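Heads up: the structure comes next, in structure tokens.
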Amino acid sequence: MRNIFLSLFTMAILFAIGCGGNGTEVKTNGDYKLTKFTNNDGPKVTFGDKMMVSLKTFVGDSMVASSPNDGASPQEVLVPPREQLGENIPALFDAVTYLSAGDSALVVEKLDSTKRKFLPPSLANETEVRYYFKIHSVTSAADMEKEQAEAKARMLSIQEKMDQIAKDYTSGKLDSQLKSTGSGLKTLIEDQGSGAKVEKGEAIETHYYGMLRDGKMFDSSFRRGQTLEFIAGMGNMIAGYDEAVLMLNHGGKGIFFMPSGIAYGDQSGGPIPPNSELIFYIEVL
């Protein structure tokens, strides 16, 4: 019964990630057994590229790892440059160089005695690990460099803008443009956004640039190149940030001035001193 369940489950995986048929078996340069279920003509994967991949990993009858949301959401994987991998290239990195964006495949890797030591006792006698995966997209090393350069230029542009905002705010030049809420939040909406209104309890992504009243930046998602994800209006963020995002639509952006009472109050937070007014530039994706 267990083997029947495994077979059905494996078929479900293949269907879910777009596989079909028996596939084509090849041997990789690293002597891994690769089964290609598709053969797309999209961008080929090469060492140094970035991929978005859905992945499920099996040892014996047990799934030991999966992409986020049980494989429903692809994860970002960077294929290291060839020179960093040495002689023994891991199975997944070796296999993907035979594939293109949109391809689905299975690669099998032998488990030696050293690797089996890290398995639970019930799997200690297994001899191989199987990776079922689909490559959703491929970004070349050259394109990544271009993206990084564009992100750096954007970060510098936002920093210059916010430096000027801090000066204009402290000098009173912005007073006539600002609107205040009952909490003391002051707002300067640049673009309301053309998407749906952000709703309380909704999972959202934001980019932000945060600074003190004197213009000193204390954090920026633009600098990290990673958005901030959270549930809007549920207290996961400081009160001022929660209030700010609920004033925007998706695609919206604005500058928000938060008194300490709706920021960190009399508590310090890293580079943020107690009782600090904070200024945020926020974009809701």
Side-chain angles (χ1 to χ4, degrees), residues 146-285:
K146 182 180 177 181
E147 288 177 358
Q148 291 168 359
E150 291 173 349
K152 183 177 180 180
R154 187 164 187 239
M155 170 64 187
L156 290 174
S157 175
I158 291 171
Q159 183 173 335
E160 290 175 359
K161 177 177 74 172
M162 294 305 289
D163 285 346
Q164 188 61 50
I165 285 290
K167 293 175 183 177
D168 291 346
Y169 180 59
T170 53
S171 69
K173 289 184 179 180
L174 297 180
D175 289 354
S176 62
Q177 303 175 52
L178 298 177
K179 296 182 180 180
S180 298
T181 70
S183 69
L185 179 71
K186 298 175 185 175
T187 68
L188 186 61
I189 306 297
E190 291 190 340
D191 184 348
Q192 185 62 44
S194 58
K197 186 180 186 306
V198 175
E199 300 291 345
K200 183 177 180 180
E202 177 187 358
I204 64 170
E205 288 184 71
T206 64
H207 257 314
Y208 67 89
Y209 181 103
M211 64 182 181
L212 303 176
R213 185 186 177 98
D214 62 7
K216 181 180 179 181
M217 183 190 73
F218 57 81
D219 197 11
S220 171
S221 65
F222 296 100
R223 182 176 60 180
R224 292 194 305 276
Q226 184 177 8
T227 58
L228 173 66
E229 301 179 27
F230 64 100
I231 306 299
M234 301 302 290
N236 297 319
M237 305 295 295
I238 57 173
Y241 202 99
D242 254 346
E243 183 179 357
V245 297
L246 291 173
M247 300 178 70
L248 296 171
N249 297 355
H250 286 275
K253 58 188 73 172
I255 301 169
F256 301 88
F257 306 81
M258 306 175 188
S260 61
I262 55 172
Y264 290 98
D266 58 4
Q267 303 295 313
S268 61
I272 303 174
N275 303 308
S276 293
E277 181 179 18
L278 306 182
I279 305 174
F280 277 95
Y281 169 71
I282 299 173
E283 295 181 358
V284 177
L285 278 63

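Since this is a predicted model, take the numbers as computed values, not measurements.
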Residue pair Lys186 / Tyr169, side-chain donor-acceptor N/O under 3.5 Å: yes

All pairs passing side chain to side chain donor-acceptor pair (under 3.5 Å) where residues 226-239 contributes a residue, at least two apart: Glu205-Thr227

From Met247 atom CE to Ile189 atom CD1, the distance as rounded to the nearest 0.5 Å: 5.0 Å

Evaluation steps, side chain to side chain contact (heavy atoms under 4.5 Å, CB included), between Leu212 and Ile279: CA-CA 6 Å; Leu212 303 176; Ile279 305 174; over 6 Å; no

Set of ring pair (Phe, Tyr, Trp, His ring centres under 6.0 Å) partners for Phe280, sequence neighbours left out: Phe218, Tyr241

For a quick test of your reading: what N or O donor-acceptor pairs under 3.5 Å do the side chains of residues 149-158 make, sequence neighbours left out?
{"from": "Arg154", "atom 1": "NH2", "to": "Glu283", "atom 2": "OE1", "distance (Å)": "2.9"}
{"from": "Arg154", "atom 1": "NH2", "to": "Glu283", "atom 2": "OE2", "distance (Å)": "2.3"}

Shortest non-hydrogen contact from Asn249 toward Gly193: ND2-O, 3.2 Å

When the side chains of residues 251-275 are checked against the rest of the protein, which donor-acceptor pairs come out under 3.5 Å, sequence neighbours left out?
none

Shortest non-hydrogen contact from Val198 toward Leu246: O-CD2, 3.8 Å

For the student: nearest non-hydrogen atoms of Ala232 and Val245, plus distance: CB-CG2, 4.3 Å

Spatial distance of atom NZ (Lys173) from atom CD1 (Ile165) [nearest 0.5 Å]: 11.5 Å

Results of side chain to side chain contact (heavy atoms under 4.5 Å, CB included) for Gln164 - residues two or more places apart only: Lys167, Asp168

Minimum heavy-atom distance between Ala166 and Gly215, given as atom pair plus value: CB-CA, 3.7 Å

From CG (Leu188) to CG (Leu174), nearest 0.5 Å: 6.5 Å

Leu228 side, atom CG; Thr206 side, atom OG1 - distance, nearest 0.5 Å: 4.0 Å

Intermediate values then yes/no, side chain to side chain contact (heavy atoms under 4.5 Å, CB included), Arg213 and Ser276: CA-CA 8 Å; Arg213 185 186 177 98; Ser276 293; over 6 Å; no

Approximate separation, where rounding is to 0.5 Å, of Thr187 OG1 and Gln177 CD: 11.0 Å

Lys161 and Glu190: CA distance, side-chain angles, deciding distance, side chain to side chain contact (heavy atoms under 4.5 Å, CB included) verdict: CA-CA 12 Å; Lys161 177 177 74 172; Glu190 291 190 340; 3.2 Å; yes

Exercise: identify the closest heavy-atom pair between Asp242 and Met234: OD2-N, 3.6 Å

From Tyr209 atom OH to Met162 atom CE, the distance as rounded to the nearest 0.5 Å: 7.0 Å

Side chain to side chain donor-acceptor pair (under 3.5 Å) contacts touching residues 195-204 (sequence neighbours left out): Glu202-His250

Side chain proximity check, Leu278 to Ile238, heavy atoms < 4.5 angstrom: yes

Closest contact, heavy atoms only, Met217 versus Ser220: SD-CB, 3.7 Å

